[in-house]
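Some notes on the structure that comes next.
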Protein chains: 2
Amino acid sequence: MPPLTRKAEAFSALVLEVFQLNGLLLQAGDRLSAPAGLTSARWQVLGVIDHGPATVAAVARTMGLARQSVQQTADALASDGFVEYVENPHHQRAKCVSLTAAGRRALRKVEQAQAEWADRMAASLAPALLASAVKGIREARLRLEKDLAVEERSHEG
Amino acid sequence: MPPLTRKAEAFSALVLEVFQLNGLLLQAGDRLSAPAGLTSARWQVLGVIDHGPATVAAVARTMGLARQSVQQTADALASDGFVEYVENPHHQRAKCVSLTAAGRRALRKVEQAQAEWADRMAASLAPALLASAVKGIREARLRLEKDLAVEERSHEG
DNA sequence: GTCAAGATGACAGGAGCCTGTCAATATGGG
DNA sequence: CCCATATTGACAGGCTCCTGTCATCTTGAC
């Protein structure tokens with residue numbers, strides 16, 4: 001390991017913690033959604049179209065993912081009967097992804113479990129600590145977004 | 001969305017921030033390692049065997065990943081000439097993954113870039129905020145680990 | 001020394017994300 | 001109306017993680 005400054009060490013510690021927590025959160029999400037026959041990724045998609053049918057591309061933009069990633073998930077959901085493609089009056093080719101009754105049932109079930117889980121987690125964490133963690137992570141995220149954007153620009157024209 | 005308590009809302013905010021930051025960190029890692037011909041995952045493996053050759057299974061345990069995940073990465077690194085499999089005096093079948101000269105060069109290059117990046121990031125974040133963020137995330141992680149372990153036990157015999 | 005149990009790598013297959021390419025469709029300037 | 005451009009879904013393929021199965025090798029109890 002190269003010698004890091006003390007501040008850089010602290011930042012690296014944050015990175016490690018975020019990686020670990022992220023992994024655990026994904027695990028928890030899969031565990032919450034499994035009883036409903038879903039996974040984290042599929043549940044997220046159902047959540048997006050809960051307020052109304054949308055095209056795959058629109059869902060992808062909402063989730064901040066690549067179009068084709070959502071396409072794959074949506075096709076899987078369709079073949080499992082959780083969603084269906086319905087005609088889009090505004091576009092001949094781009095059909096809308098719509099919840100089926102089974103999809104809505106599954107979504108409600110996961111949301112119920114998720115609410116209980118979030119309550120359980122939050123109840124055992126000091127509110128002040130939670131708030132400062134969110135604040136710190138947000139700062140780091142904003143800083144990182146700026147950094148990545150700068151490099152982006154320097155790689156263009 | 002189901003009605004969440006205020007504390008649950010705060011926890012959910014933390015989850016969202018962690019997901020976003022994690023994604024950006026992966027992106028940054030790939031960007032740091034790309035100039036050396038590596039990716040985040042491959043760089044991590046090189047880092048583990050930097051202090052000495054090790055078997056695939058040992059690297060996997062160190063990284064907290066499944067054995068076969070590391071196997072795939074190690075095979076890819078070997079076919080790209082960054083590592084080589086060397087005889088293991090303690091085990092006939094399990095060879096050790098060892099850095100080649102090219103692998104060591106690439107690793108040093110990434111570590112240099114990573115150190116500069118960590119300095120840059122850390123320099124623009126208030127130390128107190130960074131510290132409290134790490135503390136809060138760690139608390140959440142520990143809480144979540146406990147929760148997942150409980151469910152684990154309840155799913156066994 | 002023998003044999004069961006555990007560890008290990010090879011192989012197969014899947015999930016979820018990504019990229020790139022292509023043809024079909026919308027959209028908007030002229 | 002026409003055509004360049006952008007958007008969209010289909011298709012192909014890659015990366016990183018996972019799981020499960022199998023034969024081989026090691027280890028430890030007896």
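All values below were derived from every heavy atom in this structure, side-chain atoms included, with hydrogens, water molecules and symmetry-related copies excluded.
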Would one find a side-chain N or O of A:Arg42 under 4.0 angstrom from OP1 or OP2 of C:dC17?
no

A:Glu111 with A:Arg108: basic N within carboxylate O range, under 4.0 Å
yes

Side chains of B:Asp30 and B:Ser40: is there a donor and an acceptor less than 3.5 Å apart?
yes

Checking side-chain contact (heavy atoms from CB on, under 4.5 Å) for the pair A:Trp117/A:Arg31: CA distance, chi angles, key distance, verdict?
CA-CA 11 Å; A:Trp117 172 78; A:Arg31 220 159 301 157; over 6 Å; no

Is it true that A:Arg141 and A:Glu145 make a salt bridge, defined as a side-chain N closer than 4.0 Å to a carboxylate O?
yes

Hey, which sits more toward the 5' end of DNA chain C by its nearest nucleotide, B:Val56 or A:Thr39?
B:Val56

Using a 4.0 Å cut-off on heavy atoms, which residues in residues 82-92 of chain A reach DNA chain D? List them by number, or say none.
none

With nearest nucleotides of DNA chain C determined for A:Ala41 and A:Arg93 from heavy-atom distances, which residue corresponds to the more 5′ nucleotide?
A:Ala41

Within residues 62-75 of chain A: residues closer than 4.0 Å to DNA chain C (heavy atoms):
A:Leu65, A:Ala66, A:Gln68, A:Ser69, A:Gln72, A:Thr73

In sequence, state the C-alpha distance, the side-chain angles, and the governing distance for A:His91 and A:Thr55, and then conclude on side-chain contact (heavy atoms from CB on, under 4.5 Å).
CA-CA 10 Å; A:His91 199 297; A:Thr55 64; 5.9 Å; no

Under a plain distance cut-off of 3.5 Å, with no hydrogens placed, do A:Glu116 and A:Gln112 share a side-chain donor-acceptor pair?
yes

Identify whether any heavy atom of A:Thr55 sits under 4.0 Å from a base atom; if not, whether one sits that close to sugar-phosphate; answer base, sugar-phosphate or nothing.
sugar-phosphate

